[in-house]
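To start, the structure under review is shown below, and the notes come after it.
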Amino acid sequence: MRAATETTEPALPSPDLLAERLLPWFDAHNRTELPWRRPGTTAWGVLVSEIMSQQTQVARVAPVWEAWMERWPTPADLAAAPTADVLREWGRMGYPRRALRLQECAKIVAEEHDGVVPSDPAELEKLPGIGNYTAAAVAVFHYGGRHAVVDTNVRRVVARLGGRSDAGNATSKADLAAAESLLPEDAATAARVSLALMELGALVCTARKTECGTCPVTDACGFSGQELPEGPSRKRQRYKGTNRHVRGEIMALLRNADGPVERARIDAVWTDQRMVNEAVAQLIEDGLIGTDETGRFELPSR
Ligand code: SF4
C-alpha cells in the first residue's frame with residue numbers, strides 16, 4: 001500500500017530566530033512618534049489608545065488621544081464626565097459606541113478596581129468593549145506580561161511566516177497558538193516581539209502588499225517572494241452613501257449644535273428619508289442620541 005502524499009506548510013521560525021531578525025528592525029522603525037508609546041504612558045492611556053485604534057487609523061487617533069488624555073487623564077475623570085462631552089471629544093473617529101463602552105469601562109475601573117486598570121487579561125476581558133486582543137495588548141504593552149497579542153496585522157504576518165497568503169476572517173485558537181509559539185520565554189523580549197510583529201504587519205507585510213525584499217524576516221518566512229492573490233478581501237469597506245454615513249452626519253450635527261435640534265434639521269442631512277428614519281432609530285437604540293421634553297434631539301444628557 002502506498003503512503004498518502006501529504007502537503008506540509010513551511011514551519012514557523014523559532015522564537016530565537018524571529019527575535020534576532022525582528023528586534024533590530026523594530027528598534028530602527030518603531031513608530032515612536034505615536035503619543036501612547038511615549039515613556040510614562042499609563043495603563044489607562046494604553047487602553048484608551050487600543051480602543052480608539054480598533055477601527056480608526058492611528059494617524060486620526062493620535063490628536064484625539066492627546067486631547068482626551070489631557071482632559072480625562074484617569075478612569076475616574078472619564079467616569080465623571082457628561083456623556084455628551086465624551087461623544088463630542090470622540091469627534092469623527094467613527095463607531096462612537098466605542099466611546100460609550102470606554103466610559104462604562106472607566107466607571108468599572110474607578111469603582112471596582114480603585115482606579116487601577118487590571119494587569120490580568122482575564123480580568124481585562126470582563127470590562128465592556130474589551131476583547132481578547134485589547135486585553136492582551138494592555139497586559140503586554142503596559143504591564144510587560146507574556147501573552148500572545150493577536151490583531152489582524154499579527155494574524156496576517158503569522159499566516160505568511162507559515163506559508164499562507166493570509167489568515168482566516170476571525171481569530172481562531174490555532175492563530176493564538178501559532179502566535180504564542182513565536183514568543184521567546186523572557187516576558188520583556190516577548191512583549192517587544194509582539195509589538196514588532198504588529199509593526200511589521202502595519203508597515204511592511206500589509207493586506208495589500210508584501211515588501212519581502214526589505215523585510216527583516218525574509219529568510220525565515222514561508223511566503224517570502226510569493227505573489228498575493230487578487231481577492232475581494234483587499235477592497236476597502238465602502239462608507240459613502242451607507243447607513244453608517246447617515247448616522248455619522250446626524251452625530252456631527254448634534255455634536256456641533258449649541259442645543260437640542262428640531263427633527264426638521266435632522267431630516268435635512270440626507271435626501272433619502274427612509275435612511276434617515278432608520279439611522280435615527282438605531283442611534284436612539286444605541287444610546288447615542290435622545291430627545292428632550294419637547295421632542296427635540298440631543299446627545300445623551302448625562
Ligand atoms: Fe511578509 Fe514577505 Fe516579510 Fe514574509 S518576507 S513577512 S511575506 S513581507
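First listed ligand is number 1; within each ligand, the first listed atom is number 1. Just so it is clear, the model here is predicted, and its values are computed rather than measured.
Counting non-hydrogen atoms of neighbouring residues, nucleotides and ligands closer than 6.0 angstrom, the CG atom of Asp114 reaches no more than 12 such neighbours.
Checking Asn153 against Arg156 by side-chain atom types alone, a donor-acceptor pair falls below 3.5 Å. Judged by distance alone, the side chains of Arg296 and Thr294 do bring a donor and an acceptor atom under 3.5 Å apart.
Counting protein heavy atoms only, atom 4 (Fe) of ligand 1 is closest to Cys221 SG, 2.3 Å. Counting protein heavy atoms only, atom 3 (Fe) of ligand 1 is closest to Cys215 SG, 2.3 Å.
Heavy-atom contacts of Thr218 reach the following atoms of ligand 1: 5 (S) (cutoff under 4.0 Å).
Looking at Gln226 against ligand 1, nothing comes within 4.0 Å, counting heavy atoms.
Note: Trp270 and His245 have perpendicular aromatic rings, judged against thresholds of 30 and 60 degrees for the angle between ring planes. Ring-plane geometry between Trp68 and Trp72 is classed as perpendicular, the angle between the planes exceeding 60 degrees on a 0 to 90 degree scale with a lower cut at 30.
Closest heavy-atom approach to atom 1 (Fe) of ligand 1 within the set Cys205, Ala159, Cys212, Ser165: this belongs to Cys205.
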